[in-house]
Amino acid sequence: MPSTAEILGRPCRAIREKCLPGPVTHAPYPSCVPPASESVGSAWTHKPVCIDSPVEPKIPWCAFTNSNFQGKRGVSVISPKYYNSTYEVSPLSALQSIISSLDPHRYEVPPAAYEVKAMKDKGFGLVATKKLRRGSVFMVDYATILADKEMTMSLRREDGRKLLVEAIGRLEDPQRVLELAVSSKPESKVPIEEDVFKTNAFYQDVGARGFMMVFPEISRMNHACNPNALTRFNETDLSNKVTAFRDILPGEEITISYTPFNLPSQSRRPRLLRGWGFNCTCSLCSLPPNDLAASDARRKRVDLLGPQVIQLVEEGKFEEAIELNNLLMAAMEEEEMLPHMGDYFEIMGRLHQAMGKYAEAKGWYDRAMEEFKGFGLEEEEGVETLKGNIAALVKVIEGGKGGNRKGGKGKGDL
Ligand SMILES: C[S@@+](CC[C@H](N)C(=O)[O-])C[C@H]1O[C@@H](n2cnc3c(N)ncnc32)[C@H](O)[C@@H]1O
């Protein structure tokens, strides 16, 4: 019998919470990892500005800038001057090599198919000016300000602000960042740099380290709990691609989810208020109470069904796992949690294959492949296994037709 890992393998990620569709997230700052020794190389076009940290081990924190990055739009990084040796590759070295190795002229972005418009109760937002086809990448944005996740805990507030002022001020066009939305009340007198950063930064990892990052174009997109687009961050070039996961029509607002979007309203709304300071007014949160309760129930069901599918696979109950995975997919479809269903289709294929139902398995694999292709993911790590499975099944099925199963895979062989 194939193992759970063989059946679920890579797509298994999809039914675990952390891998559910969820674009950029805004996580609280996790606990401090002490920095350590490392010299700063020549990735920077400006002399770094550094400020001592009052927190042990009192490593200075600096604002580093490379004004050539992203077609001379520039990028600034705020981080400790060096990190300790717990990192195989220091996060700062990783960023330096990314930033200094990229050709400043390579930044081709799709022609804008959207415009910035004033939205009711949400400041500005992005609205499609053309039809954006499901699966198409219609925006590529690059990190412009990055601040190590520990910044607020390692620096005095005033010092953090000074580094932000330097980091933003050294960009070619500081207004591109400074004109983004702010969320503090005017009477709280929060300095603009800090307010803009707090309102617009998203949490992303580079290697083993988390950074808060501002993507000036993506920052104009409002949040929806049932969004129509998702972002995909690429840590090798600091780009963030935005893909439509259903057709978006001209005039429609383009939205992403700031939280993992499987969450029911009881957990996502406080999270948005805590992390982003707003009460969500998206169409899902604005549903009449009964409809919202029904949506919450579906989301909870999706959450429960994922682990149950895994459990059934572990117990070798493939037939029941198929039934449950069908229910899971139906609940996701009803809830429009559909960035792409490739992972789920692939699981169906593997389950059918494990049961010796080769024709059905191939049907599911083909659907999975179609989804991956539609979302430009056919070259993603792990999709080769799917390609291999499809090729193997074609052989088995063709061998079966001719009555010759020799060399073909038998029931349960994956
Ligand atoms: C990253 S900005 C998004 C763009 C912003 N609306 C602007 O004018 O540039 C985040 C801010 O937009 C507003 N916002 C985004 N999504 C919202 C939603 N679903 N409901 C209410 N306000 C929202 C909040 O004020 C939030 O602090």
Side-chain angles (χ1 to χ4, degrees), residues 21-28 112 114-129 138-139 141-147 164 168 173-188 190-204 211-233 240-242 245 248 252-288 291-292 295-296 299 335-337:
V24 281
T25 54
H26 183 83
Y114 48 85
E115 60 187 349
V116 177
K117 276 197 152 178
M119 312 302 300
K120 189 171 175 285
D121 300 331
K122 295 188 281 195
F124 292 101
L126 285 192
V127 173
T129 51
F138 61 87
M139 181 195 284
D141 199 5
Y142 288 84
T144 295
I145 304 286
L146 298 88
L164 270 175
I168 298 171
D173 179 9
Q175 287 311 109
R176 195 164 166 255
V177 173
L178 290 175
E179 282 173 0
L180 293 173
V182 290
S183 50
S184 302
K185 300 217 162 45
E187 58 273 22
S188 63
V190 176
I192 175 91
E193 292 82 5
E194 197 183 306
D195 206 349
V196 161
F197 188 73
K198 203 175 89 209
T199 310
N200 294 281
F202 294 94
Y203 183 90
Q204 295 289 4
F211 287 82
M212 301 300 296
M213 305 187 190
V214 176
F215 301 88
E217 302 237 342
I218 288 177
S219 283
R220 283 295 181 200
M221 269 188 279
N222 286 315
H223 161 91
C225 301
N226 52 352
N228 50 22
L230 77 153
T231 55
R232 216 176 276 135
F233 176 64
N240 210 344
K241 289 185 175 157
V242 191
F245 70 75
I248 303 175
E252 209 180 320
E253 181 177 8
I254 305 168
T255 50
I256 54 174
S257 177
Y258 298 176
T259 63
F261 68 54
N262 52 327
L263 302 177
S265 60
Q266 300 86 342
S267 48
R268 66 181 188 253
R269 290 173 66 90
R271 203 160 160 158
L272 287 166
L273 189 58
R274 221 177 29 246
W276 298 84
F278 67 88
N279 279 308
C280 184
T281 59
C282 80
S283 59
L284 196 63
C285 290
S286 312
L287 284 174
D291 294 347
L292 185 59
S295 157
D296 286 336
R299 283 172 183 235
E335 210 38 37
E336 297 191 356
M337 292 162 66

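Small disclaimer: the values here were computed from a predicted structure and weren't measured. Both counts, for ligands and for their atoms, begin at 1 and track the order of listing. Counting from 1, the numbers follow the sequence of the chain as shown.
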### Task
Under 4.0 Å, heavy atoms only, figure out whether ligand 1 is touched by the backbone of T255, its side chain, both or neither.
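Looking at T255 and ligand 1, no heavy atom falls under 4.0 Å.
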
Starting from [atom], locate the nearest protein heavy atom and write down its residue, its atom name and how far away it is, to 0.1 Å.
atom	result
atom 26 (C) of ligand 1	F278 CD2, 3.4 Å
atom 19 (N) of ligand 1	H223 O, 2.8 Å
atom 12 (O) of ligand 1	N222 OD1, 3.3 Å
atom 11 (C) of ligand 1	T199 CG2, 4.2 Å

### Query
atom 4 (C) of ligand 1: which of S219, C282, A201 has the nearest heavy atom?
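That would be S219.
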
What atoms of ligand 1 come closer than 4.0 angstrom to any heavy atom of [X]?
X	answer
N200	1 (C), 2 (S)
Y258	1 (C), 2 (S), 3 (C), 10 (C), 15 (C)
M221	3 (C)
W276	27 (O)
G123	8 (O)
R220	4 (C), 7 (C), 8 (O), 9 (O)
N279	20 (N), 21 (C)

Less than 3.5 Å between some nitrogen or oxygen of [X] and one of ligand 1, yes or no?
X	answer
S183	no
T281	yes
F124	yes
K122	yes
D121	no

Interatomic spacing from [atom1] in [X] to [atom2] in [Y] - rounded to 0.5 Å:
X	Y	atom1	atom2	result
I256	T231	CD1	OG1	5.0 Å
Q266	R299	CD	CZ	11.0 Å
L230	N240	CG	CG	9.5 Å
F278	Y258	CZ	OH	5.5 Å

### Message
Could you check whether any heavy atom of C280 sits closer than 4.0 Å to an atom of ligand 1, since that is the contact criterion I want to use?
### Response
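Within the 4.0 Å threshold, so yes.
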
### Message
Please verify the inter-ring angle class for Y114 with F138; under 30° counts as parallel, over 60° as perpendicular, anything in between as tilted.
### Response
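Perpendicular: the ring planes of Y114 and F138 meet at over 60°.
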
### Query
Pick from L180, T199, T144, V196: which one makes a side-chain contact (heavy atoms from CB on, under 4.5 Å) with S219?
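Answer after filtering L180, T199, T144, V196: L180.
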
### NZ/NE/NH1/NH2 to OD/OE distance under 4.0 Å, E115 and K117
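Yes.
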
### Message
Is any side-chain heavy atom of I192 closer than 4.5 Å to one of L178?
### Response
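They are in contact (side-chain heavy atoms under 4.5 Å apart), so the answer is yes.
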
